[in-house]
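Written below as structure tokens is the structure these notes are about.
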Amino acid sequence: MISRRIGLGCIVALASPASAADLLIHGGPILTMVGDRPQTVAAVVVEGGRIAFAGPLAQAQRIAGAETQRLDLKGRTLLPGLVDAHSHLAMAVDLARRVNVSGAPVGTVASIADLVRKLADGAAALKIAPNEWLVGWGYDASQLADKRDLTRRDLDARFPDRPVLVMHVSGHGAVLNSAGLAAIGVTPDTKAPEGGLINREADGRTPNGQIWESALMLAGPALKPPPREQRLQNLAAVQQLYAKNGYTLANDGFTSLADLDLLQAAAAQGRLVLDVVALPSFVDMPKWLGKPAYAFGQWQGRLKLQGIKITQDGSPQGRTAYMSTPYLHGGPNGQQDWRAQGIQPYPAFLATAKAASAAGLQLFIHANGDAAMDDVINAVDTLHLPADHRTIVIHSQVQRPDQLPRYAAMGITPSYFTNHTYFWGDVHRSNFGEERAAHISPSKSAMALGIKASNHSDFIVTPLDPMFILWTSMARTTRSGFVLGPAERLNAWAGLKAMTINPAWAYREETRRGSIEAGKLADFTVLSANPLKTPTARIRAIKVVGTMKEGRFVWEAVK
């Protein structure tokens, strides 16, 4: 049952939907996220977990009645519950026994020596056995004072015997020590799988520890998840992290078969506090396609399988995004005229998309480089998808200006990643030059064409923090203070739409969530200040102070 005191000050477990006219919210700006220009209302009435009314306070009070509980915002700002456009919920579940080796602001690693020390300290703190894999996450060479990539030799010096794997911050690569390479069977004679890279030392044969893209599949033993019951327990804490950041719908953006089973078990057992949209991975498609146990497009508890996730290239900061024009400084292993490559050759990519679309599945396609986006455009053109197919291109970052009109004409929608402008904007300027880098995540140009672009964190790649995401979409300022593509800066209203109603549309959920309108779910996020009235430089200081799911607080800031 909900507390008689409705306020912002404690963590509350989700209860069943309330009876009619159970809550009236007022006392602060209420941003509806309806329309292209800011619209606010004075009050909202919640009945049975849904919005019964949004409008003037006097009318809301008549509808609610004297016995209805009140939530006085006390000047705080209410907006629709945030909709996570793309992240990796299941990946976060397994971080409990992995070591954070991120640079600022996510972690404290500033050099290779720091990274190795952090791994050693983490192994001791987590009591990881000597024969157990030691796994780090968040490694970012661009933030290291050494100005070079980590290799197996750096890890071997401290860890000569135990297997070690360090995940690249992009999630598209890793570095292993010699014991780790031996444990997964990578030798000088091992050939990289299609769409993957095994980087070599100067002799051209000896693996230097770095593996990328589909070669990561070789590292399966290192990334084996813990037992299901432990993962289910971890899932509770991860959901609280999403709720703390204002999300009422979370996404798992590349769901393995094991993670599908985990989320289905959580839904069946009533362990999902938030709604979760999962995108089963194309890698496992033969195992789930057409199987009754994996029904798409319908809610089962708080879980919905929305569509297939196909990965067609890598990351721009890792220089594995598939480009039509070469990178300025070569490939991740010093290759000349380097454009990277598709994860699948185009015919295989087209065949995957065709099989999925023939089964009625919505396509979610990872494409960072413009050549990978060309693959998406050509596939959609070839497949003759239904008019309202809503193919979503995840990241869609290093995008050519000529591609946007084709997106608009063909019904292709990007989910951008403007956090890149801060975290790796300076790296992109070096990799691509000023002109191409300035057009990364061209949100304003897309929205000007009527495209319902969304924006995401790609957590665990960058933090879930929604006000940081909003700030990067408005400021587009790099770590060095350079404004990357000022013409693509959004105002606060457009930036918030990219985290509410636009991703709701991408999931075919726009009639249920994403805006404050009668009939929709009473999912809300409470902010400490109004982004529409806050200078861009201070957007990051706004805090999420409460998250409500169907009229119930699932997280509140402690006063």
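All residue numbers in this chain count up from 1 along the given sequence.
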Taking atom types as modelled, is there a side-chain donor on [X] or [Y] under 3.5 Å from an acceptor on the other?
X: Asn419; Y: Thr472; answer: yes
X: Thr418; Y: Ser473; answer: no
X: Glu194; Y: Ser214; answer: no
X: Asn100; Y: Ser102; answer: yes
X: Ser111; Y: Asp146; answer: no
X: Asn368; Y: His395; answer: no
X: Glu488; Y: Ser443; answer: no
X: Thr151; Y: Asn208; answer: no
X: Asp140; Y: Trp424; answer: yes
X: Tyr294; Y: Gln264; answer: no

Worksheet item: Is the Phe417 ring parallel, tilted or perpendicular to the His420 ring (thresholds 30°, 60°)?
Response: perpendicular

Discussion item. Classify the ring geometry of Phe468 against Tyr422: parallel below 30°, tilted from 30° to 60°, perpendicular beyond 60°.
Written reply: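 The arrangement is perpendicular - the two ring planes meet at more than 60°.
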
Item to complete: Could you walk me through whether Glu213 and Leu197 pass side chain to side chain contact (heavy atoms under 4.5 Å, CB included), step by step?
Response: CA-CA 7 Å; Glu213 304 307 335; Leu197 296 170; 5.8 Å; no

Worksheet item: Is the Lys NZ or Arg CZ of Arg429 less than 6.0 Å from the centre of Phe482's six-membered ring, within 45° of the axis?
Response: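 Flagged: Arg429 positioned over aromatic ring of Phe482.
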
Worksheet item: Do the numbers put Arg540 on top of the ring of Trp471, so that NZ or CZ is under 6.0 Å from the six-membered ring centre and no more than 45° off the axis?
Response: yes

Neighbour count >12 (heavy atoms, 6.0 Å) for atom [atom1], [X]:
X: Asp203; atom1: CG; result: yes
X: Lys244; atom1: NZ; result: no
X: Gln269; atom1: CD; result: yes

Practice prompt. Determine, stepwise, if the pair Arg436 / Asp370 fulfils salt bridge (Lys or Arg N to Asp or Glu O under 4.0 Å).
Written response: CA-CA 10 Å; Arg436 281 196 288 172; Asp370 65 328; 5.4 Å; no

Discussion item. I want to know whether His168 and Trp212 have ring centres closer than 6.0 Å.
Written reply: yes

Worksheet item: Less than 6.0 Å separating the ring centroids of His172 and His366?
Response: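 That pair passes the under 6.0 Å test.
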
Practice prompt. Return the set of residues passing salt bridge (Lys or Arg N to Asp or Glu O under 4.0 Å) with Glu201 (not counting sequence neighbours), or none when no residue passes.
Written response: Arg152, Arg153

Practice prompt. Tell me, with the steps shown, if Arg148 and Asp154 meet salt bridge (Lys or Arg N to Asp or Glu O under 4.0 Å).
Written response: CA-CA 11 Å; Arg148 67 174 179 84; Asp154 299 310; 2.8 Å; yes

Worksheet entry | Worked check of side chain to side chain contact (heavy atoms under 4.5 Å, CB included) between Thr206 and Arg200 | CA-CA 5 Å; Thr206 305; Arg200 313 286 174 169; over 6 Å; no

